[in-house]
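See below for the structure under consideration.
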Amino acid sequence: MAIADRLLALVTSAAEELFEQLRIDPAPLSMVSIDEPAVAQHGDYASNAALVLAKTLAQPPRHIAEILAQRLRQDVLVDAIEVAGPGFLNIWIAPWALAREVIALFNDGEEYFRTDLGRGATLQVEFVSANPTGPLHVGNGWLATYGDALSRLMAFVNYRVTKEYYVNDTGGQIRQLGASILAVRTGAQVPEGGYQGAYISELAARYEGSDDVVEAGNWAVPIILDLIRTTLDDLGIQMDSWFSQASIEESGAVADVVGELASRGAIYEREGALWFASESFGDSRDRVMRKSNGDFTYLAGDIAYHYNKLVVRGFSLVIDVFGADHHGQVASMMAAIRALGIDEGRLEIKLGQMVSLLDNGQAVKFSKRAGTAIPLDWLIEELGRDATRLLILSSSIDRASQIDLAQAKAQSMENPVFYIQYAHARISALLRNAVHQGVDMEVASIEALASCRHPREVALMKNLLRLGPVIVRAAEERAPHKIVGWLMGAASDFHGFYHDCPVLSAPPAERTARLTLARATQVALATALDLLGVAPLEEM
RNA sequence: GCCCCUGUAGCUCAGCGGAUAGAGCAGCUGCCUUCUAAGCAGUCGGUCGUAGGUUCGAGUCCUACCGGGGGCGCCA
C-alpha cells in the first residue's frame, strides 16, 4: 500500500477512535484527504482532517488537530507532526518507510504500480475511425495517439481492452471517392465535394475497373486502409479490430435495431420516412432513421453498431474517441442508448478538441477534401514516433491545441521528449559505467537507502512513489497527459539528483544506495513511458 | 438562438476544493580537468477573461456576462 494510503487509514482510524461523534456519523471522514504540500516546510504529507471535521465535531479545527497529532505522533510511520495554519496536520514521514517503498518498487518493477480499477471488465475503445477516403492527417494522429495511450492506461489498471477502428466503408463519401478517381482518370474536373491530392492521381492511374462510382470507391477503400494501417503502425499503434460499417448494414442489424426501437414505441413515420423520437430521450430534436428513399441514415447504422458493441458483443464499457466536430452525434446516440434500455453509464464519448496548425505563426487551413491536409506521415517523419507521441500526449484533449510546424520541424525543446528521454538515458549510462568499473550491483538495504537524506534524494524518492496515484487518476479521468506531467517532474527530480549527488564516486555504502535509487527511477520512468507507448532510450 | 470545449507568464501548456499558482521555450546571469551541459542553479515575467455566489479555504465548484474553437442535415 502506498504511503499516502497508509497515512489516510491512520488518520481516519485515529479520528474515529478519539471522537465518539464520528462512530455515530462517519460520513465526514470521507472528506479527509492526504495531500503533498507544495512547500517543504509543510511536511512530506499534510492532512485536512481537522478542517473538514470541525463542523461535525463543533470544535475549533486547531484543537482537533492537536488531539489527532498527539495520537499520530506515536505511530512508527510518523517521524514528526505539526499543526499549522488554520488546522492542517503536517506530517514528516520516517525515512525507513520511504526507503522501504522505493526498494519494493525496484524489486516489483512495474507491478508495483498496478491497481485493479477495472476488475477485469471488458472495455472497447473506438478511435481514429477516419473515413477511408484518404491518408490520415495530423488531426487524426492526435486522437489516434490519445486513444492508444488511453487504451494502454486502462489495460494497465486491469480492463480487458479491445482497440477498434470503425471503418465507414459505405455511403456517400465512398461514392464521392469513386467519382473523384473516375474524374481524374478521364482528365475531368473532380466533382464538387470530391477528393483531391496526389493519392487520388495514383489511384486513378492504377484503377482498371468500370465507370461505376461505387465499384471504383469500393476498389480504393482497402488500398487506402492499407495506407492508414501503415501510418498507424509508424506511430506505434496496432488496432485489435477493424469493424466494417458495410458489414453491419448487410447483416440486417440496422433494420433490426430500428425494429427494436419501434417495439419500444420510439419510432414513428412522417412524410415517408421513419423517425426516432429521440427528443423524448434527451436529444434536441427527433432524428430520421430511414429516409423516404428507403436507405437507412448514418445515425441508424451507428446505433446498430453501438448496439452490437454493448449488447451483441457485450462490452462492459465502451469509450468512443471522437473529434469535437462529431459533437452533434452525442445527444442522439445517448438518446438511443436510453431508448434501448441500456445503462447509459456503459458508453462514454470523449470529444477531442480541434488541433490547429501554425506555420511560423500563421494558421494553416486543412481539409481532406481539398487535399490540403497536413499528412500525419509527414509529422512522424519530421519528429520521429516518440517525439510525435509525447508532443501530442503532453496536453489535454479538452483544449484546442496549437502547434507550430516550424518549431516542430526544428525539433526544438518545445518537445518534452528530450528532457524525459535524457533522464532515462543518463541512468542507463550510469549503469553501464558501474558495470564497466566492476561496481557491486546488489540492491541497497532499507537502512542504507533510508540514510540518503540529501534533499534531492528525498524529493526523488517521494516523487517516484507518486506514480501509482497518478496512474489511477489518469485512468479515472481518461487523461493520459497526466502521465507526461509526472514524467516531467520525475525527470526534473532525477536531473537534480544526478547533478548534486555523485553516485559512482561515493563511498561504497552510499554508492549502492544511490545506484539503487537510480535503478528504481529507471523502473518508474520506463513504466510511465510504456503507458504512453514511448520507447525509453539507452543513450542519446 | 441552443449544445459541448475553452480563457493561467511574451509563446506552448500543466495545475484532486488546500497554505507562497508551476514547467518547457524565449530573455538575462552563473556552473563542465569530475558518472552524458539535450543538464543544474539564479533572475525577469501573473488583477488565473470579468462580476457575483457557495466554502474555514476557489485558478479549481455554481450563475451571469465577455472573448476563442467546435456542433446543431432525410451528409457521413
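Chain letters run A, B, ... following the sequence lines, proteins first, then strands; residues in each count from 1.
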Donor-acceptor side-chain pairing of [X] and [Y] below 3.5 angstrom:
X         : Y         : answer
Asn168(A) : Gln245(A) : yes
Arg426(A) : His495(A) : yes
Thr512(A) : Glu442(A) : no
Asp320(A) : His326(A) : no

Taking only the [atom1] atom of each, what is the distance from [N] to [M] in whole angstrom?
N      : M      : atom1 : result
C16(B) : C2(B)  : P     : 30 Å
A23(B) : A41(B) : C1'   : 16 Å
G15(B) : A19(B) : P     : 16 Å
U34(B) : C40(B) : C1'   : 15 Å
G59(B) : U20(B) : C1'   : 15 Å
G52(B) : G71(B) : P     : 35 Å
G7(B)  : C61(B) : P     : 10 Å
A58(B) : C48(B) : C1'   : 11 Å

Expressed as a whole number of angstroms, how long is the span from [X]:[atom1] to [N]:[atom2]?
X         : N      : atom1 : atom2 : answer
Tyr498(A) : C32(B) : OH    : P     : 16 Å
Tyr146(A) : C5(B)  : OH    : P     : 14 Å
Phe88(A)  : G18(B) : CZ    : P     : 9 Å
Arg432(A) : U36(B) : CZ    : P     : 8 Å
Asp5(A)   : C16(B) : CG    : P     : 18 Å
Phe497(A) : C35(B) : CZ    : P     : 15 Å
Leu390(A) : C13(B) : CG    : C1'   : 13 Å
Met333(A) : A76(B) : CE    : C1'   : 13 Å

Report the nucleotide, chosen from [options], that has the shortest atom-to-atom distance to any side-chain atom of [X].
X         : options                : result
Leu430(A) : G70(B), G39(B), C35(B) : C35(B)
Arg473(A) : G7(B), C35(B), C16(B)  : C16(B)
Tyr298(A) : C5(B), A76(B), U20(B)  : A76(B)
Tyr422(A) : A38(B), A19(B), G69(B) : A38(B)
Met540(A) : C74(B), A38(B), A14(B) : A38(B)
Ser492(A) : C40(B), A76(B), A23(B) : C40(B)

Within the pair [X] and [N], is there a side-chain N or O less than 4.0 Å away from OP1 or OP2?
X         : N      : result
Arg285(A) : G1(B)  : no
Arg426(A) : A37(B) : yes
Arg456(A) : C40(B) : no
Asn433(A) : U36(B) : yes
Gln353(A) : G69(B) : no
Lys291(A) : C75(B) : yes
His481(A) : G15(B) : yes

With no hydrogens and no angle check, is any side-chain donor or acceptor of [X] less than 3.5 Å from a backbone partner on [Y]?
X         : Y         : result
Arg432(A) : Glu538(A) : yes
Asn293(A) : Asp295(A) : yes
Asn131(A) : Thr133(A) : no
Ser180(A) : Gln176(A) : yes

Base [N] to side chain [X], donor-acceptor N/O within 3.5 Å cut-off:
X         : N      : value
His495(A) : C40(B) : no
Arg399(A) : U12(B) : no
Ser292(A) : C74(B) : yes
Asn293(A) : C74(B) : no

Tell which nucleotide pairs with [N], taking only Watson-Crick or G-U wobble pairs whose two distances are both under 3.5 angstrom.
N      : result
C11(B) : G24(B)
A41(B) : U29(B)
C65(B) : G49(B)
C35(B) : none

So what does [X] touch, heavy atoms closer than 4.0 Å: a base, only the sugar-phosphate, or nothing?
X         : answer
Asn90(A)  : base
Glu271(A) : base
Ile34(A)  : base
Ala46(A)  : base
Glu539(A) : base

Audit row: Leu351(A), Phe322(A), side-chain contact (heavy atoms from CB on, under 4.5 Å) steps and yes/no: CA-CA 5 Å; Leu351(A) 294 178; Phe322(A) 295 153; 3.9 Å; yes
Thr521(A): side-chain contact (heavy atoms from CB on, under 4.5 Å) partners, not counting sequence neighbours: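 For Thr521(A) the side-chain contact (heavy atoms from CB on, under 4.5 Å) partners, ignoring immediate neighbours, are Ile427(A), Leu460(A), Leu464(A), Phe494(A), Leu517(A), Leu525(A).
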Parallel, tilted or perpendicular: ring planes of Tyr166(A) versus Tyr298(A), cut at 30 and 60 degrees: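 Correct class here is tilted.
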Phe243(A) and Tyr305(A) aromatic ring geometry - parallel, tilted or perpendicular at 30°/60° bounds: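 If you compare the ring of Tyr305(A) with that of Phe243(A), the planes turn out tilted.
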Glycosidic conformation of C56(B), taking syn as within 90° of 0 and anti otherwise: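 The base of C56(B) is oriented anti (glycosidic angle more than 90° from 0).
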Output a table of nitrogen or oxygen pairs between the protein and nucleotides 53-56 of chain B separated by less than 3.5 Å.
unit_1	atom_1	unit_2	atom_2	d
C56(B)	OP1	Lys55(A)	NZ	3.2

ring centroid sep under 5.5 Å plus plane angle under 30, His42(A) with A19(B):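 Taking the rule of under 5.5 Å and under 30°, the ring of His42(A) does stack on A19(B).
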Aromatic ring of Tyr419(A) stacked on base six-ring of G24(B), 5.5 Å, 30°: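 Not stacked: fails the 5.5 Å / 30° test.
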Along RNA chain B (nearest heavy atom to each residue), the more 5'-positioned of Lys482(A) and Gly272(A):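 Between the two, 5'-proximity favours Lys482(A).
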Which residue lies more 5' along RNA chain B, comparing Ala38(A) with Ser401(A) via nearest heavy atoms: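 Closer to the 5' end of RNA chain B: Ser401(A).
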